[in-house]
Participant: 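Quick one: the structure is below, questions incoming.
The sequence lines fix the lettering, A, B, ..., with proteins before strands; numbering per chain opens at 1.
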Amino acid sequence: MTDEQVTVEKTATPAAAPQAKKGPRGQVTIFANWCKGCGICVAFCPTGVFALDDTDHPVVVHPEKCTACHWCDTHCPDFAIVVKKIAP
Amino acid sequence: MTDEQVTVEKTATPAAAPQAKKGPRGQVTIFANWCKGCGICVAFCPTGVFALDDTDHPVVVHPEKCTACHWCDTHCPDFAIVVKKIAP
Amino acid sequence: MAQHEEHTAYEYLRPSKKFPNVWCSGCGIGVVMSALIRAIDNIGLEKDNVALVSGIGCTGRMPVYMDFNTMHTTHGRALAFATGLKIARPELKVITIMGDGDALAIGGNHFIHSARRNIGITAIVVNNNIYGMTGGQYSPTTPIGGRATTAPYGNIEPPMPICELAQAAGASYVARSTVYHAAELERYIEQAIRKDGFGLVEAVSYCHTGYGRLNKLGTAVDMMRALKETSMAQAAAQKLAPEERENKIVRGVLHDVERVEYTARYQQLIDQVQQSIGGR
Amino acid sequence: MAQHEEHTAYEYLRPSKKFPNVWCSGCGIGVVMSALIRAIDNIGLEKDNVALVSGIGCTGRMPVYMDFNTMHTTHGRALAFATGLKIARPELKVITIMGDGDALAIGGNHFIHSARRNIGITAIVVNNNIYGMTGGQYSPTTPIGGRATTAPYGNIEPPMPICELAQAAGASYVARSTVYHAAELERYIEQAIRKDGFGLVEAVSYCHTGYGRLNKLGTAVDMMRALKETSMAQAAAQKLAPEERENKIVRGVLHDVERVEYTARYQQLIDQVQQSIGGR
Amino acid sequence: MTKTIQNDRTEIRLAGEGGQGMILAAIILAEAAAIYDGKNVTQTQVYGPEARGGASKAEVVISNGQIDHPEVINADVLVAMSQEACDKYAGNLKKGGLLIVDEEKVGRIPSNKAVKIPITQLAEARTGRTITANVVALGVLVGLTDVVSRMSIEKAVLARAPKGTEDMNRTALLAGFEAADMVKR
Amino acid sequence: MTKTIQNDRTEIRLAGEGGQGMILAAIILAEAAAIYDGKNVTQTQVYGPEARGGASKAEVVISNGQIDHPEVINADVLVAMSQEACDKYAGNLKKGGLLIVDEEKVGRIPSNKAVKIPITQLAEARTGRTITANVVALGVLVGLTDVVSRMSIEKAVLARAPKGTEDMNRTALLAGFEAADMVKR
Amino acid sequence: MTVKLMQGNDAVGWGALAAGCRFYAGYPITPSTEVAEMLSRELPKVGGKFIQMEDEIASLAACIGASVGGLKSMTATSGPGFSLMQEHIGYAAMTEVPCVVVNVQRLGPSTGQPTSASQGDVMQARWGTHGDHPIIALCPTSVSQSFDLTVKAFNFSEKYRTPVILLLDEVIGHMREKFDMPDFDAIERVDRIATDVPPEWYKPYGDSLSDVPPMANFGDGYRYHITGLFHDPHGYPTQRLDEIDPWIKRVHRKIERNLHDIVLYEEDWDPTNKTVVVSYGASARSARHAVKLARQHRLKVGEITLLTIWPFAEEVIARMARTARRIIVPEMNLGQLALEVERVAGRSKVVRVNRANGEMVTPQEILDAIEGS
Amino acid sequence: MTVKLMQGNDAVGWGALAAGCRFYAGYPITPSTEVAEMLSRELPKVGGKFIQMEDEIASLAACIGASVGGLKSMTATSGPGFSLMQEHIGYAAMTEVPCVVVNVQRLGPSTGQPTSASQGDVMQARWGTHGDHPIIALCPTSVSQSFDLTVKAFNFSEKYRTPVILLLDEVIGHMREKFDMPDFDAIERVDRIATDVPPEWYKPYGDSLSDVPPMANFGDGYRYHITGLFHDPHGYPTQRLDEIDPWIKRVHRKIERNLHDIVLYEEDWDPTNKTVVVSYGASARSARHAVKLARQHRLKVGEITLLTIWPFAEEVIARMARTARRIIVPEMNLGQLALEVERVAGRSKVVRVNRANGEMVTPQEILDAIEGS
Ligand SMILES: Cc1ncc(C[n+]2csc(CCOP(=O)(O)OP(=O)(O)O)c2C)c(N)n1
Ligand SMILES: Cc1ncc(C[n+]2csc(CCOP(=O)(O)OP(=O)(O)O)c2C)c(N)n1
Ligand code: SF4
Ligand code: SF4
Ligand code: SF4
Ligand code: SF4
Ligand code: SF4
Ligand code: SF4
Ligand SMILES: [Mg+2]
Ligand SMILES: [Mg+2]
């Protein structure tokens with residue numbers, strides 16, 4: 001709880017990845033300094049977009065798989081994920 | 001609520017009265033100094049055993065009519081009536 | 001007292017200077033007291049084994065007259081005191097006697113938690129739809145539209161359904177009758193006392209001095225009569241349309257199930273813990 | 001905060017130094033907060049017109065993060081404070097946020113009376129089956145057998161059925177969901193807020209730090225998964241035998257009726273009184 | 001009886017059983033003094049347990065000056081409507097004070113100077129209702145003492161009388177006056 | 001380092017983030033002193049909001065005599081396991097007091113006499129688990145100061161070690177001793 | 001004709017209305033119930049709101065909630081209810097939410113004697129809740145003063161953002177006296193200081209020249225946080241000593257700086273009076289009676305009547321104690337405010353005249369104490 | 001080996017068990033919860049009962065109920081809960097039912113700072129409930145004294161049929177110290193005086209030589225009535241002054257006659273000490289530290305540590321004040337017991353050293369006050 005707070009964002013744009021499936025797609029951003037590393041997003045993302053890094057914090061490893069189902073950003077207890085729907 | 005309390009009893013024994021009906025019969029006693037004169041017994045006795053006296057307190061006027069139904073002594077809020085079943 | 005021996009009640013009344021009682025002439029509270037005494041007599045309980053615990057209110061004055069272990073506690077808290085007593089002395093029959101305000105307004109929380117725990121206490125609520133003792137303010141059971149000294153334009157708060165609440169919270173036994181139906185009331189109280197778990201009896205009464213006078217409902221006799229006329233047995237009530245049922249006092253055993261009683265469960269826990277440390 | 005603008009929530013979070021929040025990593029309370037914000041956003045309420053009132057507990061810390069009129073009151077009394085606020089300002093959407101201990105233990109009486117009055121307050125109870133803030137003592141919703149720091153041998157008190165209690169007491173709207181079912185939870189909260197009368201949403205959550213650790217239920221992820229597995233929609237639940245249903249968290253809108261809301265009724269009373277004195 | 005007014009302070013006690021309307025009588029007397037006679041007044045009472053029980057006594061202190069202690073210290077006037085009330089409070093009567101008793105209800109009277117009037121009986125006889133006994137008592141009290149003017153007490157009684165009972169109450173009051181006048185004579 | 005014990009009173013502060021086990025370390029140290037070395041001891045801590053939050057500091061005062069004020073006044077020894085802890089508490093260190101920091105976690109150190117040891121790293125390397133860092137810290141502290149005997153601290157650590165973790169904890173403690181001995185040399 | 005015969009409890013109700021009270025939440029209890037009954041009738045007439053809550057805890061909570069919503073709020077109770085309200089008195093002090101709590105004292109402890117009079121809750125009014133906190137308590141001696149001090153209670157409450165306790169006793173609450181209803185428009189009415197800064201700048205607990213920060217009402221566009229935890233100027237919880245200490249100082253200072261405004265009393269003594277009677281509430285009536293009698297006997301006796309009980313009128317009592325040799329303190333309790341008098345009395349002897357059985361202290365008892373010099 | 005490192009709160013639990021406590025009802029609250037946790041584990045082992053009630057009001061009610069049933073009973077709480085218990089503290093005093101209420105003080109007012117220490121409830125312990133009533137409050141300064149005074153609390157409670165308050169502060173409650181668990185059988189344990197008359201003769205509130213009537217337990221064949229109303233010797237409600245007055249006198253006398261037994265303190269001063277420090281609880285630890293330092297500086301300073309806070313140790317303080325010129329009273333509040341010290345201090349100057357921000361008063365602050373003479 002310091003006064004200054006540098007927000008570290010880790011965005012992964014699926015555009016860079018091969019597009020395998022149809023349907024809506026999402027751009028996932030994790031705000032690392034709000035994330036407490038609970039692992040909920042990692043455990044429940046239906047398509048396995050996330051993995052844990054070596055500090056036990058989530059990183060987006062398969063951005064291309066995101067279906068913009070919004071499970072992760074509605075369930076992150078710390079408002080640390082934003083999923084933006086990408087117009088197909 | 002004085003310390004001494006003289007209990008005034010008004011018992012009416014139906015034996016003295018003509019016996020008209022069959023079934024169980026009762027001997028009704030009113031303890032006047034517990035009775036507050038609410039009139040419940042008078043109003044609800046199914047056979048009209050009671051009447052109000054001029055101080056608005058109940059008196060047994062038709063002892064012979066008592067069927068020992070026990071309505072009055074179960075409903076008197078002041079435990080001021082006792083009905084004794086009389087072996088027929 | 002010697003002259004009075006024929007009345008069942010006299011054996012259970014305190015041989016003291018307390019009569020006539022404090023209640024207004026014709027008040028239904030005395031009828032409940034009478035029914036309670038007969039229920040205890042029917043079961044044949046030893047006086048030493050019965051504890052009566054009340055809160056504050058006209059109803060709360062009931063225990064002082066009766067020759068049991070009696071406790072007149074604070075407003076609303078009878079069940080909380082009774083809980084401690086019952087746990088300390090599970091062998092006692094602990095009976096609480098509460099007014100509608102006592103049990104449901106300030107005491108509502110203890111009411112639902114005693115029911116939830118299913119502790120072996122008999123709770124009798126004398127529901128006269130008003131705060132009698134303080135002179136006729138509306139209570140959580142005052143009907144909508146009813147006048148009270150603090151509802152001079154008529155009450156706008158819906159009444160609390162006492163029995164439904166107790167059932168939802170977990171009581172084992174729930175029944176309702178009225179002071180007009182004194183024999184039925186006596187039977188329900190007897191059943192509730194016999195029950196191991198938490199038993200509630202709602203005794204619908206009236207307060208002619210407070211509620212009755214303000215609402216022009218007549219004398220005690222009139223209000224007693226109204227109980228006869230506006231109440232009906234559950235079986236009959238079920239045949240009515242819901243709107244018709246709304247204005248009726250439904251009498252009957254509304255709920256009766258078997259669940260483990262709290263102090264029995266706690267004794268199991270003690271036994272288990274003591275066994276396990278004995279076995280180390 | 002500028003970087004965060006895409007998240008619906010950010011618009012409603014206080015632009016202050018309060019993040020990350022106080023809750024343990026993975027605690028479900030944050031999920032409820034997120035659902036609440038989306039519900040408010042869906043309805044399109046003005047922030048100035050929303051008041052959040054909480055008691056004391058981990059859950060009670062929720063309002064401080066949100067940019068509404070917020071009040072962190074005393075343990076158990078959120079609904080009583082909210083009642084005064086709602087009566088003073090009927091145009092405000094008043095939402096109370098309470099823990100299971102807050103709402104049902106110490107606050108149980110205000111809970112049933114707010115429901116009875118059908119006052120226009122939305123009550124959200126985050127049920128984690130434990131006193132989280134004080135470190136894991138059993139609460140009125142801890143399951144039988146569950147361990148807690150004050151139930152080292154397993155809890156022996158039956159849990160309070162929150163929804164059934166609210167319904168019995170008179171709530172207009174009663175629904176239950178879990179933090180795993182965040183979208184459903186959001187929908188129920190939205191419906192409850194839209195409702196005029198008293199609306200209750202039980203948000204089943206978990207406390208992995210307190211209850212979870214003591215009962216070896218694993219991490220937040222494990223407990224989140226358990227909510228998925230042990231809960232079911234009401235329709236499905238009705239097909240189960242009662243014994244099977246016992247161990248399930250039944251999700252759904254359990255009760256939804258139309259009744260006049262309290263402050264509206266009071267306004268009618270004022271209008272009527274003022275008319276009648278105007279007419280003298 | 002104005003000589004009972006000492007230190008410009010008249011202390012009046014009305015005592016009886018609950019239900020006899022003694023508090024109301026005291027209030028009416030106080031209103032007569034305060035509103036219609038423009039005097040200072042304090043009116044107090046003792047309640048039974050909580051608010052529900054009837055009062056056993058009600059008091060009025062009247063003065064042209066400031067009233068400090070608001071309760072009766074030694075009554076100038078005691079109206080006793082029951083034996084218990086008379087037994088309990090007569091001793092506190094000021095030396096030379098006035099004791100008014102309801103003749104029917106009070107058998108043992110501790111003073112031979114007491115004014116005995118069958119107040120309740122008068123009420124019944126003149127108005128057909130015993131509940132006007134408190135107003136009869138007021139009539140007697142004012143008739144004997146002039147602590148307030150007869151006009152004022154009449155106004156005060158009528159202001160408190162429920163609609164339709166004005167005549168009955170005036171009758172009761174006059175009955176009291178008359179009884180007082182009989183005694184005075 | 002026994003010269004830091006003044007007035008027969010040694011004040012030790014262990015500070016870090018919640019979750020690093022600093023309270024437990026303080027308790028173990030206090031138990032070593034009290035139970036196994038027979039000294040007097042007071043152990044206190046600061047909690048976060050209500051009981052749930054982790055502690056940010058824990059203190060132990062050890063003495064052969066009676067301990068009056070139970071908290072650290074000026075620490076003889078400060079173990080800082082985080083930068084924040086070091087920033088916050090280093091200033092309170094007694095002149096000539098001992099500052100022990102976890103080298104990895106504390107970058108800015110306000111004293112060039114501080115003993116820098118990669119405590120958490122050592123824990124990980126020697127026991128495979130970072131959670132033993134608090135025990136390593138105890139090893140370092142006791143190794144450097146002898147506020148309690150090595151035997152006592154070992155007994156105290158093992159008495160608190162959950163079943164099956166005794167070896168791991170002994171290893172951690174020894175790692176601390178060794179690191180201390182390296183510094184002393 | 002506006003002259004009426006009125007009870008103290010009714011006068012409290014009218015005083016509240018005159019002061020602008022528009023919300024009452026309470027739970028009935030003898031001997032305070034008339035306040036509730038009166039306001040249940042009168043409040044709707046002026047668009048105000050009355051509610052009977054489920055208990056006294058909820059009653060004060062609702063008052064605080066309503067006050068936060070912008071309505072001047074009051075509750076009334078007696079001993080047992082006052083004990084239950086203690087947690088929320090502390091909450092109101094901590095959050096600086098104005099509200100008025102009336103306690104019509106009856107004989108305690110516990111249920112005691114509900115219809116008997118007492119001044120047994122004087123110390124409780126100061127110390128009943130946990131933790132150090134400032135409080136104001138007023139105590140009328142007559143029916144018309146019940147009206148006046150109720151108005152004062154609301155004014156102090158709003159002016160200083162603090163709960164104010166109005167301590168009546170059963171004698172004053174149930175006594176009827178002549179009362180001349182004043183024109184409400186002529187009554188001095190203080191409203192809470194509104195803020196004039198834009199919402200972004202608003203600090204609900206910020207420093208201010210007067211030590212009383214302006215108070216915005218919920219719903220008026222100033223969104224802020226209220227908590228019973230120690231808080232920073234924005235109202236957010238804090239554990240920082242540099243935020244806690246200034247708060248503690250400010251809330252006590254806002255009262256202490258204004259003792260001249262807050263501490264009300266009536267005095268009738270001079271330095272030649274070797275005996276002075278200090279009293280309050282109904283006992284002050286007996287005291288005055290006794291003092292007049294004593295003066296008739298040519299005794300030189302002074303008199304101080306405290307209308308503000310808390311903060312305690314240290315200054316005047318200490319000043320008087322420099323010349324008086326004996327201070328007589330009649331109370332309807334076993335000696336409560338006498339403790340404070342003793343504290344500041346220096347070398348003067350404090351003589352307590354007590355009754356804790358439900359009856360008033362009699363003028364004679366006080367006179368005996370005066371003469372006992 | 002029975003030597004352990006133990007927290008004050010745990011020591012309270014063990015003290016309760018040693019004293020014969022067999023019932024605990026409570027509601028969790030920081031910083032008292034360890035007492036409950038400990039007893040939930042230990043009570044069933046000795047056949048005792050533990051229950052978590054729905055709130056603090058119910059907790060103390062259940063304790064009183066259980067005590068009436070014959071079990072020695074205790075509850076533990078902190079500020080907010082203590083405020084809620086006030087009504088029932090008065091009930092226990094009125095009905096003379098033994099019970100022990102532990103208040104581990106945290107920083108108030110209101111929710112305040114739950115994990116910070118305080119001595120802010122000292123006056124509340126005396127005056128928190130309505131009406132005049134006697135009370136005993138004890139306050140330990142160490143872990144082992146927490147054990148000892150808990151035993152004392154139970155003993156006083158049973159011996160005098162009165163609620164006893166054990167006032168800890170967060171420092172003592174959470175501090176760990178060496179503790180040598182005594183043999184429970186060697187501990188002096190006082191049980192309530194049983195009656196030896198036949199049931200018909202039994203008067204639960206009758207006069208007795210000791211002013212403490214014997215107490216029968218419900219279920220033991222003595223059927224009687226308990227009420228929070230004023231009552232006669234049989235326990236029946238009374239409005240008679242000739243029954244009320246004797247009751248009031250007796251319940252106060254039973255404490256006042258036994259001050260020699262009840263008022264516990266430690267003293268280390270002599271008439272040559274111009275400065276004496278009076279303290280209690282955690283502050284006494286700082287005080288002792290400061291006094292030792294001062295004596296090292298060759299200042300002649302005396303010291304009194306109050307273990308019994310209520311009834312206040314008037315006698316020793318007044319005696320000391322006859323010779324001491326300055327009395328220093330360090331407290332973790334804004335000056336509470338200092339008010340009592342001032343009251344009896346005569347001409348001595350009372351110097352307050354206060355902290356009300358959750359931190360201990362430091363020895364240096366006290367030393368400064370000592371040196372400031
Ligand atoms: C804490 C507290 N609050 C309020 C009261 C005042 N009081 C006494 S009895 C009562 C209500 C009585 O109503 P109810 O419980 O329905 O009983 P009844 O008199 O109608 O039988 C109240 C509000 C009190 N004694 N204690
Ligand atoms: C009057 C009072 N009693 C007790 C407490 C201590 N306390 C704080 S939070 C809490 C319980 C929290 O449990 P819950 O309401 O379920 O919320 P959670 O922390 O689980 O979200 C308790 C007992 C208090 N603050 N005030
Ligand atoms: S759910 Fe949120 S807090 Fe948890 S790991 Fe994912 S991003 Fe981090
Ligand atoms: S939106 Fe759905 S698919 Fe995309 S990352 Fe989140 S949980 Fe996975
Ligand atoms: S019911 Fe009882 S009290 Fe009522 S009139 Fe009959 S005998 Fe008297
Ligand atoms: S027993 Fe029945 S019939 Fe006989 S008097 Fe009573 S009510 Fe009438
Ligand atoms: S006031 Fe009402 S409830 Fe009380 S005794 Fe009279 S009639 Fe019965
Ligand atoms: S203690 Fe439990 S409820 Fe509280 S924040 Fe942690 S996980 Fe959530
Ligand atoms: Mg009622
Ligand atoms: Mg919880």
Side-chain angles (χ1 to χ4, degrees), chain A residues 1-14 24-46 48 50-53 55-58 60 63 66-87, chain D residues 1-39 41 58 62 65-66 126 178-187 205-206 208-209 218-228:
Chain A
M1 281 205 232
T2 51
D3 276 343
E4 302 152 287
Q5 200 162 286
V6 186
T7 302
V8 184
E9 301 189 21
K10 305 177 191 165
T11 303
T13 317
R25 306 247 320 294
Q27 175 187 315
V28 188
T29 308
I30 299 176
F31 299 104
N33 56 353
W34 283 24
C35 167
K36 292 186 190 136
C38 66
I40 287 176
C41 54
V42 186
F44 292 97
C45 167
F50 307 98
L52 290 177
D53 69 10
T55 67
D56 276 347
H57 279 66
V60 178
C66 175
T67 60
C69 74
H70 285 294
W71 202 99
C72 57
D73 62 349
T74 53
H75 284 79
C76 171
D78 288 280
F79 302 90
I81 305 183
V82 173
V83 176
K84 213 169 154 180
K85 202 170 275 185
I86 300 168
Chain D
M1 298 295 114
Q3 305 96 318
H4 292 186
E5 70 260 345
E6 298 96 336
H7 201 305
T8 324
Y10 299 149
E11 196 193 321
Y12 296 93
L13 297 180
R14 285 211 155 107
S16 70
K17 49 183 172 173
K18 294 290 154 200
F19 275 86
N21 59 43
V22 292
W23 299 307
C24 304
S25 168
C27 176
I29 297 175
V31 184
V32 180
M33 174 163 152
S34 181
L36 169 60
I37 287 180
R38 290 192 308 276
D41 187 67
C58 291
M62 198 194 290
Y65 299 112
M66 288 183 276
V126 179
T178 84
V179 292
Y180 178 83
H181 305 85
E184 186 182 82
L185 186 60
E186 167 189 336
R187 199 164 63 243
S205 183
Y206 49 81
H208 51 296
T209 307
T219 63
V221 167
D222 296 325
M223 294 192 79
M224 178 70 94
R225 189 171 292 120
L227 291 179
K228 178 182 172 187

Participant: Can you confirm whether A:Trp34 sits close enough to D:Asn21 that some side-chain heavy atom of one is under 4.5 Å from a side-chain heavy atom of the other?
Facilitator: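 They are not in contact (no side-chain heavy atoms under 4.5 Å apart), so the answer is no.
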
Participant: Could you measure the distance from the CD1 atom of A:Ile40 to the OG1 atom of D:Thr219? Nearest 0.5 Å is fine.
Facilitator: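 Here the interatomic distance stands at 8.0 Å.
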
Participant: Looking at chain A, which one of D:Val32, D:Ile37, D:Leu13, D:Val31 has the largest number of heavy-atom pairs inside 4.5 Å, strictly under?
Facilitator: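 The candidate making the most pairs under 4.5 Å is D:Val31.
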
Participant: Show your reasoning for whether side chain to side chain contact (heavy atoms under 4.5 Å, CB included) applies to D:Trp23 and A:Asp78.
Facilitator: CA-CA 9 Å; D:Trp23 299 307; A:Asp78 288 280; 5.7 Å; no

Participant: Using a 4.5 Å cut-off on heavy atoms from C-beta on, say whether the side chain of D:Tyr12 contacts that of A:Phe79.
Facilitator: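 They are not in contact (no side-chain heavy atoms under 4.5 Å apart), so the answer is no.
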
Participant: Of the backbone (N, CA, C, O) and the side chain (C-beta and beyond), which part of D:Arg225 lies under 4.5 Å from a heavy atom of chain A, both, or neither?
Facilitator: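 For D:Arg225, heavy atoms of backbone and side chain both lie under 4.5 Å from chain A.
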
Participant: Would the distance check show the side chain of D:Ser25 and the main-chain N or O of A:Lys36 forming a donor-acceptor pair, the cut-off being under 3.5 Å?
Facilitator: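 Yes, because the side chain of D:Ser25 sits within donor-acceptor range (under 3.5 Å) of the backbone of A:Lys36.
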
Participant: Using non-hydrogen atoms only, which part of D:Val221 is less than 4.5 Å away from chain A: side chain, backbone, both, or neither?
Facilitator: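 Contact with chain A: backbone and side chain both.
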
Participant: Once you measure the plane-to-plane angle for A:Trp71 and D:Tyr180, does it fall in the parallel (<30°), tilted (30-60°) or perpendicular (>60°) bin?
Facilitator: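 Tilted.
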
Participant: D:His7 and A:Val82: which non-hydrogen atoms are nearest, and at how many Å?
Facilitator: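 Looks like CB-CG2, 3.4 Å.
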
Participant: So what's closer than 4.5 Å to chain A heavy atoms on D:Ile29: side chain, backbone, both or neither?
Facilitator: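 For D:Ile29, neither part sits under 4.5 Å from chain A.
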
Participant: Applying side chain to side chain contact (heavy atoms under 4.5 Å, CB included), run through D:Val179 and A:His75 and close with a yes or a no.
Facilitator: CA-CA 8 Å; D:Val179 292; A:His75 284 79; 5.9 Å; no

Participant: Check whether D:Leu185 gets within reach of chain A through its side chain, its backbone, both or neither, counting any heavy atom under 4.5 Å.
Facilitator: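 Contact with chain A: none, neither part.
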
